[in-house]
2 protein chains.
Amino acid sequence: MTDVVRKDVQKKLLSGDYGCAKELTLSMFSGKWKIVILYHLGKDGIYRFGELKKLLPHASNKVLTQQLRELEEDELITRTLYPEVPVRVDYEITALGQTLLPIIDLMFEWGTNRLKQLKHVAPRNINEEAIKKKR
Amino acid sequence: MTDVVRKDVQKKLLSGDYGCAKELTLSMFSGKWKIVILYHLGKDGIYRFGELKKLLPHASNKVLTQQLRELEEDELITRTLYPEVPVRVDYEITALGQTLLPIIDLMFEWGTNRLKQLKHVAPRNINEEAIKKKR
DNA sequence: CGGTATCCTTTAGGATACTG
DNA sequence: CAGTATCCTAAAGGATACCG
């Protein structure tokens, strides 16, 4: 899921149902590349489309564009087009987007600690879990 | 998306690729009802399956069970079965799961603030955005 | 360069009926 | 009571080709 949540939240907003604050926040990240995009824009400043593509070589044109458009809709990033030849497009994080950075940092921290733990229980355990999943 | 991320992270763990700490954390929440489940278990203590169902009336049996199983796999909650008649099953958050609560709290806080802002820009704006999306 | 357009696959999520 | 089992659909994500 992920964008199930996003659409759900949007629907609730439209119908005047202003509950589910956590879900609203979660829906900001939900999308395969959104966290990473926000992270880099928050950390390094401005990126051009092509630069983001290099950063995320596994993201297809379509999906990357889609994620950027949604982040823009959510007012977390801005898109600036310079009508030069060839065209240039800059993506930058907004003030609102920056307010998400502390959360992303916490997530990074938690994930890092958890990865350390998972290494200690030895890779074999992880494999066993994976096998268990296949049943 | 959402569990795209979860499976992605699991794959990376298996192949020894221990990057993507943020994604690991995100994958803990990704799933339509996971945050809410963690939130309630973290706040109120133990819940039985039926109680969770009442709390989440829109979740189907299948999906709710699935989310609980994944949370258990990720070691965020425990499942305890009491072989009484009729059977009883308790769900409880683990110590690891509790370490996610600060993040969830932050998400709740961010979402609440954002909802306030969105109310102030007036519902009409939101409708315009929604219309824009339909193109 | 920064995308669209098109087509395709996968899978998350859901409705309903049934069971130990 | 606490789930499985089955079937279904919507939509997220991806590959590739083309465009202003």
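Keep in mind that this is a model prediction, so the values were computed, not measured. Chain identifiers are assigned alphabetically (A, B, ...) following the order of the sequence lines, protein sequences preceding nucleic acid strands; residue numbering begins at 1 within each chain.
Note on B/Val87: a base of the nucleic acid sits closer than 4.0 angstrom, heavy atoms only. At a threshold of 4.0 angstrom between heavy atoms, the contacts of B/Tyr82 with the nucleic acid are absent. As judged by a 4.0 angstrom heavy-atom cut-off over every strand, B/Glu51 is placed among residues making no nucleic acid contact. If you check every strand for non-hydrogen atoms under 4.0 Å, A/Lys62 touches a base.
Atom pair B/Lys53:NZ and D/dT4:C1' shows a separation of 13 Å (rounding to whole Å applied). Atom CG of B/Leu55 is separated from atom C1' of D/dA2 by 16 Å (rounded to the nearest Å). As rounded to whole Å, 13 Å separates atom P of C/dA15 from atom CG of B/Leu64. For the pair A/Leu68 CG and C/dT4 C1', the computed distance is 14 Å after rounding to whole Å. Atom CZ in B/Phe49 sits roughly 18 Å away from atom P in C/dG20 (whole-Å rounding). Nucleotide D/dC1 holds its C1' atom 13 Å from the CG atom of B/Leu52, rounded to whole Å. Between B/Arg6 atom CZ and C/dT10 atom C1' there is a gap of 17 Å when expressed in whole angstrom units. Atom CZ of B/Arg88 and atom C1' of D/dA2 are 13 Å apart (whole Å).
For B/Tyr91, whose side chain is taken as the heavy atoms from C-beta onward, the closest listed nucleotide among C/dG14, C/dG3, D/dG3 is D/dG3. Among C/dC1, D/dC1, D/dA2, the nucleotide with an atom closest to any side-chain atom of A/Arg48 is C/dC1. With C/dG14, C/dT4, D/dG3 as the candidates, the nucleotide lying closest to the side chain of B/Trp33 is C/dG14.
Under a 3.5 Å cut-off, the side chain of A/Gln67 and the backbone N or O of A/Lys32 do form a donor-acceptor pair. Between the side chain of A/Thr25 and the backbone N or O of B/Phe108 there is no donor-acceptor pair closer than 3.5 Å. When atom types are taken as modelled, the side chain of B/Thr112 and the backbone of A/Ala21 share no donor-acceptor pair closer than 3.5 angstrom.
B/Val85 and B/Leu81 fall into different hydrophobic clusters, where Ile, Leu, Val, Met, Phe, Trp and Tyr side chains are chained together by heavy-atom contacts under 4.5 Å.
Remark on DNA chain C: of its neighbouring residues A/Arg79 and B/Val63, the 5'-side contact belongs to A/Arg79, judged by nearest-heavy-atom nucleotide. The residue among B/Ser60 and A/Leu81 whose nearest nucleotide of DNA chain C is located toward the 5' end is A/Leu81.
At a cut-off of 3.5 Å, with distance as the only test, a side-chain donor of B/Arg114 or B/Gln117 sits close to an acceptor on the other residue.
Between A/Arg69 and C/dG2 there is no side-chain polar atom (N or O) within less than 4.0 angstrom of OP1 or OP2.
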